[in-house]
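Read the structure below first, then the notes.
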2 protein chains.
Amino acid sequence: MERRPRVRMIEVARAAGVSHSTASRALNGSGKVSEAARQAVERAARDLGYVRDLRAADLASSRAATVGLLIRAAERPFYGELAARVQAHTEQRDYDLLTVSGGDDLDHQIRALETLLGHGAGGILIASGRAAAEAIEYASSFVPTVTVGVGLVRPGIDAVDIAVESEQELAEAVAEAGHKHVAVTASSNRLAYALHSRTANFLTSLVLADVRTTIVPSRADGDERLIKGLRSALDAGVTAVMAGEDLTAVRVIEQLVEWGLRCPEDVSVTGFDGAGAYRSPLLGLTTVAQPVEDMTGAAVDLLQTRMAGGRVDTAGLRFPGQLVRGRTLGPPPDLGGA
Amino acid sequence: MERRPRVRMIEVARAAGVSHSTASRALNGSGKVSEAARQAVERAARDLGYVRDLRAADLASSRAATVGLLIRAAERPFYGELAARVQAHTEQRDYDLLTVSGGDDLDHQIRALETLLGHGAGGILIASGRAAAEAIEYASSFVPTVTVGVGLVRPGIDAVDIAVESEQELAEAVAEAGHKHVAVTASSNRLAYALHSRTANFLTSLVLADVRTTIVPSRADGDERLIKGLRSALDAGVTAVMAGEDLTAVRVIEQLVEWGLRCPEDVSVTGFDGAGAYRSPLLGLTTVAQPVEDMTGAAVDLLQTRMAGGRVDTAGLRFPGQLVRGRTLGPPPDLGGA
DNA sequence: TTGTAGGCGTTATCAA
DNA sequence: TTGATAACGCCTACAA
């Protein structure tokens, strides 16, 4: 494959018979350029297959036309959907988007942020249920930063999340189904703020509804503790499990099947996020679909305002999600005979 | 939030009492620097919170440390998984990764590629079942380009795909289940090469197995034609539907349910891709899991070699996928009584 | 409206 | 080993 040489603006200018400053002005539509010059430049650019070097352009103009997005794990439907929506919103506002998916630990996150910053991100979006507070503050110390679905509200840092009411609604639905003893999964990762606050909200709502609760540890990898905890929860009489994420819910159900238990006849299970296949009626998972579109739209809006130096007074925006009533939540098995 | 001013290398140099050239050498480990100077610079950099401006660095060194990834739709599990794996592989090789998810049409794709190129991508990975040949050639005319799962083999352009055998295997499984008349979905989008070749492979295998075939149109959006086609296929006596993607398979099953038909008792359905939730035993979809890890690893390897100017002799690499035997493929209903 | 000149933050060359 | 000095490709006063 023969590659065409990267043509520079000066070559376009020469071909058009103007100076490179005129070419620059013609190409980015700024300043006054005669119609003749503009057309000549545009034609030359097209003919030569010119592609502007955005690094040099940003550098020279010390402008910030790029937004950086840090997501937790691109392979997870929730984050994938989020990235796709953010992409759409930034594109619509003529920002370039650089996406990196950072790890679960602070080191990886800092390095990912450095990549973003190094490539000239003028604003950063952090969408990771496991973003470290230090990472968020690090980013924020350089450029405007908005968190999405992180569940961690820090003073001075914009945050967009799902409304607490949506988490409560799910817990109430479980209570209303008649369950009297419910297990809630809790991540042991100290960075999982989103999960922690979710767990806390579930627990609060359940307790208020006079439901007994049990905690089951969940971990991103290594199911051992989850399975063990699940087993003892069931032995303790739990009739429903509220998982913090759809992924965990599905793992729980699979484990139940393995034990010969049916869902929801024997045990009810709920998830959270409701992205992609997880909200398919075919799977029938009872979950809450996060308002990804609303959240990302607001986040990009907010970021744009901040990047433009505007002031906004928002301690934290919250949007309601949508309860998806699947088939995995039902009444508890009738134990009257016992 | 007060932002710290972006400190430049020259400031680090001053703080360390050396020239910026020395600071540069110390910071990127190139050239000879005295131990004393190196430590002073490193300390100054840390103290000042220095973050190197990669735009300027790349510009000055005219080096290509960045790989661009164009994926079709970040929200789709298959592409999400792909992006995540590519990220891991590039990171491991010390490349930065810029990801953009391009649209379904040529215009969007070209613009996305320009963004990548503009930010200094020295090599491009195209992972989109709908990448236009023009887009691929466009990218390839500038920098080394490797396609992943595009299903379009062009001379001179490296391609990594799933092995045809894996597609055949699925079709054979359908035939072996006893189906004598099978519908295959076919995208009407002229850019959907991957789907086209998949459809073709399905059809070929089915015909070789002496199975009658029918085509059902499928489209990314607007289910009308899919539903109508499905209806007439069923009326024509089809007992199994082979969809080109899991997403389509799920839609087909949902539609069957709506018509009061059971899967697989009345109609069998198979998918393709097997990413994330789609290969969960809970869903039970019969599909083929693409060898995403193998494909992305090979693609990044290949790209790295090309970027380094190396020569490789590969008309197209292919890796076998894994047949996932779910519950949506069964024997055809016994029509003996009719 | 146009061109000249200087600068954006790095790296690279070449004397010292 | 170090430090001037010149690129890298572009934008942008400023002057013409």
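Please read these numbers as outputs of a predicted model, since none were measured by experiment. Note on naming: letters A, B, ... go to the chains in the order of the sequence lines (proteins, then strands), and numbering restarts at 1 for each one.
- Residue-to-nucleotide proximity on DNA chain D shows that, of B:Ser19 and B:Ala60, the 5′-proximal contact is made by B:Ser19.
- Spacing between atom CD1 of B:Ile10 and atom C1' of D:dG3 amounts to 11 Å, rounded to whole angstrom units.
- Contact between the side-chain N/O atoms of A:Ser61 and the OP1/OP2 oxygens of D:dC11 is not found at any separation under 4.0 Å.
- A sub-4.0 Å separation between OP1 or OP2 of C:dT10 and a side-chain N or O of B:Arg63 is absent.
- With hydrogens and angles left out, the side-chain atoms of A:His119 and A:Glu114 include no donor and acceptor closer than 3.5 Å.
- Distance from the side chain of A:Ala37 is smallest to C:dT2 among C:dT2, D:dC11, C:dG9.
- With rounding to whole Å, A:Asp58 atom CG is found 20 Å from C:dG7 atom P.
- The base of D:dA4 sits with one of its N or O atoms less than 3.5 Å from a complementary donor or acceptor on the side chain of B:Ser21.
- Between the CZ atom of B:Arg25 and the P atom of D:dA4 there is a distance of 11 Å, rounded to whole Å.
- The pair B:Asp47-B:Arg43 meets the salt-bridge criterion, with a side-chain N (NZ, NE, NH1 or NH2) lying under 4.0 Å from an Asp/Glu carboxylate O.
- Considering only side-chain N and O atoms, B:Asn28 lies under 4.0 angstrom from the phosphate OP1 or OP2 of C:dT11.
- Within the structure, a side-chain polar atom (N or O) of B:Ser34 is placed less than 4.0 Å from OP1 or OP2 of D:dT2.
- In terms of position along DNA chain C, the nucleotide closest to A:Val18 lies nearer the 5' end than the nucleotide closest to the other residue of the pair A:Val18 and B:Val7.
- Summarising the geometry, the separation between CG on B:Leu54 and P on D:dC8 is reported as 20 Å, rounded to the nearest angstrom.
- Atom pair A:Arg8:CZ and D:dC11:P shows a separation of 14 Å (rounding to whole Å applied).
- Closest of all the heavy-atom pairs between A:Ala298 and A:Leu317 is CB-CD1, 4.0 Å.
- Residue-to-nucleotide contacts include no donor-acceptor pair under 3.5 Å from the side chain of A:Arg55 to the base of C:dG9.
- Phosphate proximity of D:dG3 to B:Thr22: present, with a side-chain N or O under 4.0 Å from OP1 or OP2.
- B:Leu27 has its CG atom 13 Å from the P atom of C:dA12, to the nearest Å.
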**Item:** side chain to side chain contact (heavy atoms under 4.5 Å, CB included) evaluation trace for B:Leu125 with B:Val86
**Value:** CA-CA 9 Å; B:Leu125 245 31; B:Val86 168; 3.7 Å; yes
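- We find that CD of A:Gln39 is positioned 15 Å from P of C:dT1, with the value rounded to whole Å.
- For B:His20 against C:dT11, a side-chain-to-base donor-acceptor contact under 3.5 Å is present.
- Taking only side-chain nitrogens and oxygens, B:Ser24 comes nearer than 4.0 Å to OP1 or OP2 of C:dT11.
- Residues A:Val67 and A:Leu98 form no side-chain contact, since every pair of their non-hydrogen atoms from C-beta on lies 4.5 Å or further apart.
- Distances shown here put every side-chain N or O of A:Tyr50 at or beyond 4.0 Å from the OP1 or OP2 atom of D:dG9.
- Taking atom NZ of B:Lys32 as the reference point, atom C1' of D:dT1 lies 10 Å away to the nearest angstrom.
- No salt bridge links A:Arg14 with A:Glu11; every basic N to acidic carboxylate O contact stays at or beyond 4.0 Å.
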